[in-house]
Amino acid sequence: MPISASEFLKKYGFEPEDEEGDHSLRHNAMEHAKHLRRPHAGTPHDWEDWERYKQEHPDEIEEDDSDR
């Protein structure tokens, strides 16, 4: 059964020293989901969903410079 690269490194004692450098797609998606901001692009349906979400959950939105 094949093992992942990270499991292989752990098995042979190569522990990653710096975990802060994670720029994987999963990590970036989680950061984006945690910090909700106005979308930069999208379909008209995406914008309608965004406006509806802003009205329903105003305390969960982070303002960025373009919202001010």
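- Without hydrogens or angle criteria, Asp46 side chain to Thr43 main chain gives a donor-acceptor distance under 3.5 Å.
- Under the salt bridge (Lys or Arg N to Asp or Glu O under 4.0 Å) criterion, Glu51 pairs with Lys54, sequence neighbours left out.
- Taking 4.5 Å as the limit, some side-chain heavy atom of His45 sits within range of a side-chain heavy atom of Glu48.
- For Arg26, there are no salt bridge (Lys or Arg N to Asp or Glu O under 4.0 Å) partners, not counting sequence neighbours.
- Once rounded to the nearest 0.5 Å, the distance linking CD of Glu56 with CD1 of Ile61 reads 10.5 Å.
- Hydrophobic clustering (side-chain heavy atoms under 4.5 Å, transitive across Ile, Leu, Val, Met, Phe, Trp, Tyr) groups Tyr12 together with Ile3.
- Atom CD in Glu60 sits 14.5 Å away from atom NZ in Lys34 (nearest 0.5 Å).
- For the atom pair Arg37 CZ and Trp50 CH2, the distance stands at 10.0 Å (nearest 0.5 Å).
- Here NZ of Lys11 is found 11.5 Å from OG of Ser4. Values are rounded to the nearest 0.5 Å.
- Smallest separation of non-hydrogen atoms from Trp47 and His40: CZ2-C, 4.4 Å.
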